[in-house]
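To start, the structure itself, in structure tokens.
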Amino acid sequence: MSTQPATAPLLIACALGIEHLALRTGDRGGAGGPVTLLRTGMGPKAAERSVTRRLADPALAGAAVLATGFCAGLAPGMHPGDLVVAEETRDPDGTVPCVETDLLVKELVRAVPGRTVHTGPLTGSDHVVRGHERSDLLATGAIAVDMESAATLLSAVRVGERPVAAVRVVVDAPQHELVRIGTVRGGISAFRVLRSVLPAFHEWHRSLLLPRR
């Protein structure tokens with residue numbers, strides 16, 4: 001198994017300004033290598049364009065890519081502020097397996113104590129999912145849905161082989177539907193959780209830099 005160079009960078013991609021603000025104002029210390037925070041814009045097409053363009057930069061050759069931000073939970077019992085670690089992302093264009101998910105779970109439990117961490121498939125959508133669409137997606141085995149993660153990871157691996165992952169914070173769940181994404185700012189919970197996840201991302205990144213046997 002090949003190894004990454006010791007300075008292999010990490011690209012963290014999110015879609016919304018409020019997600020970018022949460023990540024930018026979080027603790028960014030302790031990264032295993034250079035970190036780039038990218039705001040892609042909303043929706044799968046915007047994510048595809050932005051990630052493909054950014055990874056064309058030679059400075060990001062071989063970069064690990066982690067998609068993050070908010071999501072809608074699909075499973076009963078999910079609550080705003082819960083975390084989702086994707087085992088894979090999927091949409092009509094393809095499925096991408098995620099790397100070192102067990103480590104991410106462990107580090108998220110440490111970084112955000114008291115928060116529930118769910119693992120399973122994260123599915124993509126080109127629109128905000130509501131009502132019966134939730135149960136339809138849950139029936140496919142997915143535990144959460146967002147608009148950018150699947151497109152982000154698929155675009156990343158199309159550019160070149162690299163480690164990828166997706167971590168999302170539940171802001172919208174079956175019993176807690178939002179009227180609009182702007183209410184996140186007032187809801188506080190998901191925003192505060194997203195501010196706290198960067199140490200876990202750094203530990204995941206650092207683990208990728210260790211020699212592989």
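- Between Val117 and the options Val85, Asp82, Val167, Val84, a side-chain contact (heavy atoms from CB on, under 4.5 Å) holds for only Val85.
- Atom CD in Glu48 sits 7.5 Å away from atom CG in Asp93 (nearest 0.5 Å).
- Ala111 approaches Ser196 most closely through the heavy-atom pair CB-O, 3.6 Å.
- Going from atom CG of Leu11 over to atom CG of Leu60 covers 6.0 Å, rounded to the nearest 0.5 Å.
- Ionic pairing of Asp172 and Arg134 is present here: one or more N-O contacts between side-chain nitrogen and carboxylate oxygen are shorter than 4.0 angstrom.
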**Message:** Evaluate Thr101 against Leu103 for side chain to side chain contact (heavy atoms under 4.5 Å, CB included), listing each step before the verdict.
**Reply:** CA-CA 5 Å; Thr101 55; Leu103 176 65; over 6 Å; no
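- Between the CG atom of Leu37 and the CG atom of Leu66 there is a distance of 11.0 Å, given to the nearest 0.5 Å.
- A donor-acceptor pair shorter than 3.5 Å cannot be found between the side chains of His202 and Glu107.
- Heavy atoms only, all atoms of each residue included: Leu16 and Arg39 are closest at C-NE, 3.7 Å.
- Judged purely by atom type and a 3.5 angstrom limit, Thr40 uses its side chain to pair as donor or acceptor with the backbone of Cys14.
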**Message:** Assess the residue pair Phe191 and Leu21 against the criterion (side chain to side chain contact (heavy atoms under 4.5 Å, CB included)); give the C-alpha distance rounded to whole Å, side-chain angles, the decisive distance to 0.1 Å, and a yes or no.
**Reply:** CA-CA 9 Å; Phe191 181 86; Leu21 177 65; 4.1 Å; yes
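- The SG atom of Cys71 lies 6.5 Å from the CE atom of Met78; values are rounded to the nearest 0.5 Å.
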**Message:** Determine whether His79 and Thr116 satisfy the following criterion, side chain to side chain contact (heavy atoms under 4.5 Å, CB included), listing intermediate values before the conclusion.
**Reply:** CA-CA 9 Å; His79 297 90; Thr116 301; over 6 Å; no
**Asked** When you look at Thr36 and Leu10, which way does the side chain to side chain contact (heavy atoms under 4.5 Å, CB included) test go after all the steps?
**Response** CA-CA 6 Å; Thr36 297; Leu10 170 63; over 6 Å; no
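- Legend: salt bridge (Lys or Arg N to Asp or Glu O under 4.0 Å) pairs involving residues 115-124, not counting sequence neighbours: none detected.
- In terms of modelled atom types and a separation under 3.5 Å, the side chain of Ser50 and the main chain of Ala46 share no donor-acceptor contact.
- Trp204 and Glu100 get closest at one heavy-atom pair: NE1-CB, 3.5 Å.
- Annotation: side chain of Leu138 is in contact with side chain of Pro76 (closest heavy-atom distance under 4.5 Å).
- Judged purely by distance below 3.5 Å, without hydrogens or angles, the side chains of Arg168 and Thr68 never pair a donor atom with an acceptor atom.
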